[in-house]
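Encoded as C-alpha cells, the structure appears first; notes follow it.
Atom set for the values below is all heavy atoms of this structure, side chains included, hydrogens, waters and symmetry mates excluded.
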Amino acid sequence: MIILGLVFVFQFGISWSCLAINRSKQTDVINASWWVMSNKTRDELERSFDCCGLFNLTTMYQQDYAFCTAVCKSRRPTCQMCGEKFLKHSDEALKILGGVGLFFSFTEILGVWLAMRFRNQKDPRANPSAFL
C-alpha cells in the first residue's frame with residue numbers, strides 16, 4: 001500500500017510536468033540537446049525527419065544548413081527547420097504521455113483505497129478460534 005502510494009505521487013508529478021511544460025521550455029531542452037549531439041547523430045536526425053538545421057537563431061544555423069544531407073535540400077531551395085518538427089513531435093508525445101500517466105495514477109489511487117479498505121479482512125475459511 002505504501003509503495004503503491006509512492007508510485008502514485010511520483011507518477012502524478014511526472015504526468016503533470018509533462019502536461020504543464022510550455023513551448024519555450026521545450027525549445028530550451030531541444031536547443032541544449034542539439035549542441036551536445038555528435039555530428040553523425042545530427043545528420044541521422046536531419047535525414048530521418050527530412051529537415052535542415054535546428055532554429056534560425058544564430059550563425060550556427062548557416063553552418064548546419066551547409067552540411068545538411070537531407071533529401072529536402074535537393075528538392076527545394078529551403079528546407080524546414082528541424083526545431084519546428086521536433087517541437088511538434090515532442091508536444092504531441094508529452095500530451096499523450098501526460099494523459100496516460102494521469103489516467104493510471106488515478107487507478108493507483110483506487111488500488112491504495114482498496115488496499116486500505118480490505119487490509120484487515122479475515123479469511124472466511126479460516127478457523128474462527130485462531131487468533132489471526
Evaluate the side-chain proximity of [Y] to [X]: yes if any heavy-atom separation is below 4.5 Å, no if none is.
X    : Y    : answer
H89  : K85  : no
W113 : M1   : no
K88  : E84  : no
Q11  : L102 : no

message: Let's test your reading of the model: do C82 and C52 have SG atoms under 2.5 angstrom apart?
response: no
Rounded to the nearest 0.5 Å, what's the gap from [atom1] on [X] to [atom2] on [Y]? Could you check?
X    : Y    : atom1 : atom2 : answer
W34  : F86  : CH2   : CZ    : 5.0 Å
L114 : F118 : CG    : CZ    : 6.0 Å
E108 : F103 : CD    : CZ    : 11.0 Å
L4   : L110 : CG    : CG    : 9.5 Å
D91  : R23  : CG    : CZ    : 5.5 Å

For [X] versus [Y], what's the shortest heavy-atom pair and its separation?
X    : Y    : result
G98  : S15  : O-CB, 3.6 Å
S105 : F12  : OG-CD1, 3.7 Å
F104 : T107 : O-OG1, 2.6 Å
L87  : S90  : O-OG, 3.2 Å

- prompt: Should we say atom CD1 of I2 is surrounded by more than 12 heavy atoms from elsewhere, each under 6.0 Å from it?
  reply: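 Incorrect, the count does not exceed 12.
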message: Apply side chain to side chain contact (heavy atoms under 4.5 Å, CB included) to residues V112 and M116 and explain how you reach the verdict.
response: CA-CA 6 Å; V112 169; M116 284 178 57; 4.3 Å; yes
- prompt: Is there a donor-acceptor pair closer than 3.5 Å between any side-chain N or O of S33 and the backbone N or O of V29?
  reply: yes
- request: For the pair K95 (side chain) and C18 (backbone), establish whether a donor and an acceptor sit closer than 3.5 Å, ignoring hydrogens and angles.
  value: no
message: Any donor-acceptor pair under 3.5 Å linking the side-chain atoms of S24 with those of T27?
response: no
